[in-house]
Amino acid sequence: MEAQKPQAANAAKKKSNAPGIKNASWVIVICLIVAVCLFIFWFGYEGHFDEEGHPQNIWGTIYKGGVIVPILQTLFLTVIVLAVERWFALRSAKGTGNIAKFVSAVKGCLAKNDIAGAQALCAKQKGSVAAVVAAALVRYEEMDKNTVLTKEQKIATLQKEVEEATALEMPTLQQNLPIVATMTTLGTLVGLLGTVIGMIKSFQALAQSGAPDSTELSTGISEALINTAFGIATGAFAVIFYNFYTNKIDNLTYAIDEIGFSIVQTFAATH
């Protein structure tokens with residue numbers, strides 16, 4: 001147990017070196033502030049409207065989308081920021097070289113019982129896969145020198161080390177992705193809410209006695225369409241980014257599982 005503590009600390013240190021936003025709530029707050037400022041000072045700028053208040057360009061039209069617009073912009077900006085954050089985090093987790101070549105090279109070293117060579121490859125590769133392999137190789141050497149435990153106990157200990165090292169890396173890989181996944185539904189629902197509010201205003205304008213108020217009618221239609229557009233865009237980007245990064249994480253997880261299995265099987269075959 002004492003030997004595992006420094007290893008866990010080292011693995012956690014490696015994990016913390018990877019870039020990533022630990023508290024996404026601050027991202028949402030900052031994006032909300034930016035969205036509100038854009039809505040008030042840019043989209044609502046008087047130069048985007050004529051004397052009667054009709055929008056003269058796309059910015060004025062977006063402003064007519066109403067109070068739901070800054071909420072949708074907050075969700076949209078949050079998706080973009082977290083997508084960029086995940087790009088850098090997973091790029092760091094991948095390491096400096098090709099994962100497939102690294103796994104193949106480590107297998108070659110294990111086949112020759114060259115533990116030092118495999119450890120050198122880990123130091124060069126870096127990243128989450130290399131961190132798991134490095135932790136497993138340390139335990140591999142300890143079990144190789146251990147004369148007290150049985151072979152089955154050594155294999156079980158080695159398997160446990162791989163599992164623990166993997167468990168330390170996985171939270172970093174998956175961090176903030178649940179928020180992106182939530183945006184896929186939340187963005188669409190909020191956009192739908194804005195659409196319904198806009199259509200209600202449009203029907204209220206049509207229901208007025210006498211000639212309908214064309215300004216109120218156009219405002220309601222603008223609010224419905226703008227919110228629909230922002231809601232669909234937010235949901236679409238969130239789905240794309242979530243699936244893209246989930247696939248990358250699956251590839252890294254597969255590499256970790258593959259090399260972990262190889263280390264355990266090599267130990268079992270040579271001892």
Side-chain angles (χ1 to χ4, degrees), residues 12-45 48 57-96 99 126-129 131 168-195 197 223 225-253:
K13 185 176 180 181
K14 285 179 178 294
K15 178 187 68 170
S16 64
N17 287 335
I21 298 174
K22 306 302 180 184
N23 190 353
S25 61
W26 286 106
V27 175
I28 299 175
V29 171
I30 294 172
C31 288
L32 175 61
I33 294 173
V34 172
V36 171
C37 290
L38 282 174
F39 183 74
I40 296 174
F41 299 109
W42 177 246
F43 299 136
Y45 177 60
H48 297 150
N57 51 39
I58 186 62
W59 310 121
T61 302
I62 292 176
Y63 183 78
K64 288 296 183 179
V67 295
I68 298 294
V69 170
I71 298 176
L72 285 169
Q73 288 177 332
T74 299
L75 301 179
F76 182 77
L77 290 174
T78 300
V79 170
I80 298 300
V81 171
L82 293 183
V84 173
E85 180 266 346
R86 283 296 86 195
W87 171 266
F88 286 106
L90 293 180
R91 185 178 180 182
S92 176
K94 177 178 176 293
T96 57
I99 291 292
K126 302 179 182 179
S128 296
V129 179
L168 286 172
E169 296 296 329
M170 291 307 296
T172 299
L173 298 179
Q174 298 175 340
Q175 185 173 284
N176 296 329
L177 279 183
I179 297 177
V180 177
T182 302
M183 297 299 178
T184 61
T185 303
L186 186 60
T188 304
L189 291 177
V190 174
L192 180 60
L193 174 62
T195 302
I197 293 174
E223 184 169 351
L225 295 179
I226 289 299
N227 290 324
T228 300
F230 271 114
I232 292 175
T234 301
F237 275 92
V239 168
I240 292 171
F241 287 133
Y242 179 79
N243 289 333
F244 177 75
Y245 291 127
T246 299
N247 182 63
K248 281 186 170 293
I249 293 173
D250 288 342
N251 291 336
L252 289 174
T253 303

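Keep in mind that the numbers below use all heavy atoms, side chains included, and drop hydrogens, waters and symmetry copies.
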Peer 1: Write down the atom of S25, the atom of N23, and the distance for their closest heavy-atom approach.
Peer 2: OG-OD1, 2.5 Å
Peer 1: When you compare the side chain of T172 with that of S128, does any pair of heavy atoms fall below 4.5 Å?
Peer 2: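 No, too far: nothing below the 4.5 Å cut-off.
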Peer 1: Evaluate side chain to side chain contact (heavy atoms under 4.5 Å, CB included) for Y63 paired with V69, printing each intermediate quantity in order.
Peer 2: CA-CA 8 Å; Y63 183 78; V69 170; over 6 Å; no
Peer 1: Which distance, rounded to the nearest 0.5 Å, do you find between the CG of L189 and the CG of L72?
Peer 2: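 Reported value, rounded in 0.5 Å steps: 10.5 Å.
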Peer 1: Could you tell me whether the side chain of T253 reaches within less than 4.5 Å of the side chain of M170, counting heavy atoms only?
Peer 2: yes
Peer 1: Let me confirm one number: the CD1-CD1 distance from I179 to I28, rounded to the nearest 0.5 Å.
Peer 2: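 Separation between the atoms: 5.0 Å.
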Peer 1: Is there a donor-acceptor pair under 3.5 Å between the side chain of S92 and the backbone N or O of F88?
Peer 2: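 Pair absent, no side-chain N/O of S92 close to backbone of F88.
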Peer 1: To the closest 0.5 Å, what do you measure between CD1 (I62) and CG (L38)?
Peer 2: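 Rounded to the nearest 0.5 Å, the CD1-CG separation comes out at 10.0 Å.
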Peer 1: State, with a plain yes or no, whether a side-chain heavy atom of Y45 is found less than 4.5 Å away from one of W59.
Peer 2: no
Peer 1: Could you check whether atom NZ of K94 has more than 12 heavy atoms from other residues, nucleotides or ligands sitting under 6.0 Å from it?
Peer 2: yes
Peer 1: Does any N or O in the side chain of H48 come within less than 3.5 Å of the main-chain N or O of W42, such that one atom is a donor and the other an acceptor?
Peer 2: yes
Peer 1: Might you work through the side chain to side chain contact (heavy atoms under 4.5 Å, CB included) test for T78 and M183, ending with a clear yes or no?
Peer 2: CA-CA 9 Å; T78 300; M183 297 299 178; 3.8 Å; yes
Peer 1: Please report the shortest heavy-atom distance between Y242 and A181, naming the atom on each side.
Peer 2: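 In terms of heavy atoms, the two residues are closest at CE1-CB, 3.6 Å.
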Peer 1: Taking all non-hydrogen atoms of both residues, which atom of L75 and which atom of G187 are closest, and how far apart?
Peer 2: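 Here L75 and G187 meet closest at CD1-CA, 3.9 Å.
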Peer 1: Do N247 side-chain atoms and N243 backbone N/O form a donor-acceptor pair below 3.5 Å?
Peer 2: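 It does not hold such a pair.
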Peer 1: Can you name the closest pair of heavy atoms from T184 and A238 and give their distance?
Peer 2: CG2-CB, 3.3 Å
Peer 1: Check whether any side-chain heavy atom of I232 lies under 4.5 Å from a side-chain heavy atom of T188, and answer yes or no.
Peer 2: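 No. Closest side-chain heavy atoms not under 4.5 Å.
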Peer 1: Which atom pair, heavy atoms only, marks the closest approach of Q73 to A35?
Peer 2: OE1-O, 3.4 Å
Peer 1: Look up atom CD in E85 and atom CD1 in I80, then write down how far apart they are to the nearest 0.5 Å.
Peer 2: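 Result: 13.5 Å between the selected atoms.
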Peer 1: Find the distance between CD1 (I71) and CG (L32) and round it off to the nearest 0.5 Å.
Peer 2: 8.5 Å
Peer 1: Please report the shortest heavy-atom distance between G65 and N227, naming the atom on each side.
Peer 2: O-ND2, 3.2 Å
Peer 1: Give a yes or no answer on whether the side chain of Y245 reaches the backbone of A83 with a donor-acceptor pair at less than 3.5 Å.
Peer 2: yes
Peer 1: Can you say whether the rings of W87 and F244 are parallel (under 30°), tilted (30 to 60°) or perpendicular (over 60°)?
Peer 2: parallel
Peer 1: Nearest 0.5 Å, what's the CG-CG distance between L252 and L173?
Peer 2: 6.0 Å
Peer 1: Could you tell me whether the side chain of I99 reaches within less than 4.5 Å of the side chain of N251, counting heavy atoms only?
Peer 2: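 Side-chain contact under 4.5 Å: no.
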Peer 1: Could you tell me if the side chain of I249 sits less than 4.5 Å from the side chain of L177, heavy atoms only?
Peer 2: yes
Peer 1: Take atom CZ in F39; do more than 12 heavy atoms of anything else shown fall under 6.0 Å from it?
Peer 2: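 Count over threshold, so yes.
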Peer 1: Looking at F241, is its backbone amide N or carbonyl O close enough to the side chain of R86 to form a donor-acceptor pair, meaning the two atoms are under 3.5 Å apart?
Peer 2: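 Checking the backbone N and O of F241 against the side chain of R86, no donor-acceptor pair under 3.5 Å is found.
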Peer 1: Would you check if L186 and V190 make a side-chain contact, meaning some heavy-atom pair closer than 4.5 Å?
Peer 2: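 They are in contact (side-chain heavy atoms under 4.5 Å apart), so the answer is yes.
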